[in-house]
Every structure is written in C-alpha cells, then in structure tokens.
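Have a look at the structure below before the remarks.
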Amino acid sequence: FESSLAGGEDVPLPRITEIGLETDSSVTAVRKRADIALTLRDSEGAAVRDEFAKVTVTLEGDGSFGGGARDEEPSRPGLQVTVMSGSARIGVVAPDLPGTMKLTAQLDEVPEVKTELTLQAVSDAKLVLESSAVGVVADGAQEVVIDIFARDSENQLIPQANGKVRLGLSDPTLGRL
C-alpha cells in the first residue's frame, strides 16, 4: 500500500486506478439482457483482487439494470455495488425499442476513476453469410472462406457487433468445419 500525509497521519491509498467494463458484444437485441463484467485495475492494467471498493454504475438511455449485482443503496441514483476480489457482474436489460445505452462506472472513493461503455440495442438483427466461392471440389482439401455480418431490421450493417457465433453443417457429407 502507498500512503499519504493527511492530517498528520499516514492513510493508505487504494491501488485502483481504473475500472474496466466489458461485455461479449456491444450490441444486444431489444428486451434482452447483456452481461457486463466490471473489473478494478491498477496502473499496469492488472486486476486488483486484494482490495474492495464501492462503485456507482449509472445508465443513460431507456435500458434498466437486471440481474447480476444487487443495488446496495436503492435510494441513490444508479446501481451502488461493493466490488470484492476485483470484479463484479452486472446485468443490463435493453429497452423495447432500438437505441443506445451508456453505462458509466465510477469509484466512489476516487471519483476521477471512472469509465464508460456504450451498448446498442437492435431489433430483428440477423446474421448474413457470404462467400465469393460459388462451388467447391469435393476433394477434402479445398477450403471456402465465409464472411459473417450482422444486419439490423433495415438491412443496415451493424459494425460493432462482435458476439460469438456457432457454426455447424446440417449434413456431415458436405464437409467439415
């Protein structure tokens, strides 16, 4: 621990210098929950697991908190949570209509330590698979590159979509992935 002189005595200062907010994808479907990982980090970006800290998370937009960490002070705006062992999980539920939600996490003890994460809620999103190949030789060696894109209900590309996709073949005689 570092310390500083405050009122004639040494007071330990937290090693937490940044907050990380991460999710599998910054795009979610309307009315669906996005799981957010909140991590307390030191100046080198390593998780600070041996301290605890109170963090306030606020949400701008029409979404709501749902699941994950419990609000320890419901009378205050936002979600107040004590983060132990360096991390916490927060659930954010997207609104009924497409739009943008912005999360801000701020360390209560050191208000300058804060971060933001923007989530995009979309409706009727779909995955589009494209390939320049029109056919392949069934020799077990030829490969085909398939590009996968996410598009919204108006067929507009969703560039920030980065969720996990599981692919499979309906017929194993067609080849392998």
Side-chain angles (χ1 to χ4, degrees), residues 17-41 45 47 55-71 74 76-81 83 86-107 111-138 140-177:
T17 59
E18 73 179 70
I19 300 171
L21 289 175
E22 297 163 352
T23 184
D24 286 341
S25 176
S26 60
V27 177
T28 188
V30 295
R31 296 182 297 280
K32 297 293 182 183
R33 189 176 100 178
D35 291 315
I36 312 297
L38 185 151
T39 308
L40 305 176
R41 297 190 179 126
V55 175
T56 297
V57 183
T58 56
L59 179 62
E60 290 179 36
D62 290 332
S64 61
F65 293 110
R70 179 183 65 82
D71 191 355
R76 285 182 52 200
L79 175 74
Q80 285 70 41
V81 60
V83 180
S87 64
R89 304 263 324 136
I90 298 169
V92 175
V93 179
D96 292 340
L97 298 172
T100 301
M101 301 171 288
K102 183 170 83 172
L103 274 80
T104 303
Q106 181 173 2
L107 194 61
E112 309 74 69
V113 177
K114 68 180 182 178
T115 192
E116 295 178 348
L117 173 69
T118 301
L119 298 173
Q120 186 71 34
V122 298
S123 64
D124 300 326
K126 61 185 174 190
L127 294 178
V128 177
L129 284 69
E130 294 179 356
S131 175
S132 60
V134 290
V136 294
V137 177
Q142 190 172 2
E143 296 181 356
V144 175
V145 174
I146 299 172
D147 295 313
I148 302 172
F149 302 96
R151 296 196 178 271
D152 64 16
S153 59
E154 297 172 7
N155 210 31
Q156 296 297 311
L157 184 66
I158 307 171
Q160 66 274 33
N162 59 351
K164 296 178 183 175
V165 176
R166 182 176 300 174
L167 298 175
L169 292 173
S170 60
D171 183 346
T173 62
L174 296 175
R176 66 177 189 271
L177 296 177

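By convention here, the first residue in the shown sequence is residue 1.
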Exercise. Taking C-beta and beyond as the side chain, do Val128 and Ile148 meet within less than 4.5 Å on heavy atoms?
Worked result: no
Seminar exercise, completed: Closest heavy-atom pair, Pro98 versus Val30, reported as atoms and distance to 0.1 Å, is N-CG1, 3.6 Å
Seminar exercise, completed: Shortest non-hydrogen pair, Gly67 vs Arg33, comes out as CA-NH1, 3.6 Å
Exercise. Hey, mind stepping through Thr104 and Val57 against side-chain contact (heavy atoms from CB on, under 4.5 Å) and telling me if it holds?
Worked result: CA-CA 5 Å; Thr104 303; Val57 183; over 6 Å; no
For this session: Please report the closest heavy-atom contact between Ile19 and Thr115, naming both atoms and the distance.
Result: O-CG2, 3.1 Å
For this session: Rounded to the nearest 0.5 Å, what's the gap from CG on Asn155 to CZ on Phe149? Could you check?
Result: 12.0 Å
Seminar exercise, completed: Separation between CG (Leu119) and OG (Ser25), nearest 0.5 Å, reads 8.5 Å
Seminar exercise, completed: Closest non-hydrogen contact found for Lys102 with Thr118 is CG-OG1, 4.1 Å
For this session: Examine the side chains of Gln106 and Thr56 and answer whether a donor and an acceptor come within less than 3.5 Å of each other.
Result: no
Exercise. Side chain of Thr28, backbone of Ala34: donor and acceptor closer than 3.5 Å?
Worked result: no
Exercise. Is the number of heavy atoms from other residues, nucleotides or ligands within 6.0 Å of CG (Asp62) greater than 12?
Worked result: no
For this session: Find the distance between CD1 (Ile36) and CZ (Phe65) and round it off to the nearest 0.5 Å.
Result: 9.5 Å
For this session: Decide, yes or no, whether a salt bridge links Arg89 with Glu22 under the criterion of side-chain N to carboxylate O below 4.0 Å.
Result: no
For this session: Can you measure from CG (Leu103) to OG1 (Thr58) and round to the nearest 0.5 angstrom?
Result: 7.5 Å
Problem set entry | salt_bridge(Lys126, Asp124) N-O dist < 4.0 Å | no
For this session: List the atom of Leu38, the atom of Ala105, and the distance in Å for their closest heavy-atom pair.
Result: CD1-CB, 4.1 Å
For this session: For the pair Asp71 (side chain) and Gln80 (backbone), establish whether a donor and an acceptor sit closer than 3.5 Å, ignoring hydrogens and angles.
Result: yes
For this session: For Asp35 and Thr23, run side-chain contact (heavy atoms from CB on, under 4.5 Å): C-alpha distance rounded to whole Å, both residues' side-chain angles, the deciding distance at 0.1 Å, then the answer.
Result: CA-CA 6 Å; Asp35 291 315; Thr23 184; 5.6 Å; no
For this session: Check the pair Thr17, Arg41 against side-chain hydrogen bond (donor to acceptor under 3.5 Å, both in side chains), reporting the backbone distance first and the verdict last.
Result: CA-CA 6 Å; Thr17 59; Arg41 297 190 179 126; over 6 Å; no
Seminar exercise, completed: For Thr100 and Gln120, the nearest pair of non-hydrogen atoms, with its separation, is OG1-OE1, 3.0 Å
Problem set entry | Within-4.5 Å side-chain heavy-atom neighbours: Pro95 and Met101 | yes
Exercise. Between Ile90 and Leu79, does a side-chain contact (heavy atoms from CB on, under 4.5 Å) hold up when you go through it step by step?
Worked result: CA-CA 9 Å; Ile90 298 169; Leu79 175 74; 3.9 Å; yes
For this session: Determine, step by step, whether Val92 and Leu59 satisfy the side-chain contact (heavy atoms from CB on, under 4.5 Å) criterion, reporting the C-alpha distance in whole Å, the side-chain angles of both residues, the deciding distance to 0.1 Å, and the verdict.
Result: CA-CA 9 Å; Val92 175; Leu59 179 62; 4.1 Å; yes
Exercise. Are there more than 12 heavy atoms of other residues, nucleotides or ligands under 6.0 Å from atom CD of Glu130?
Worked result: yes
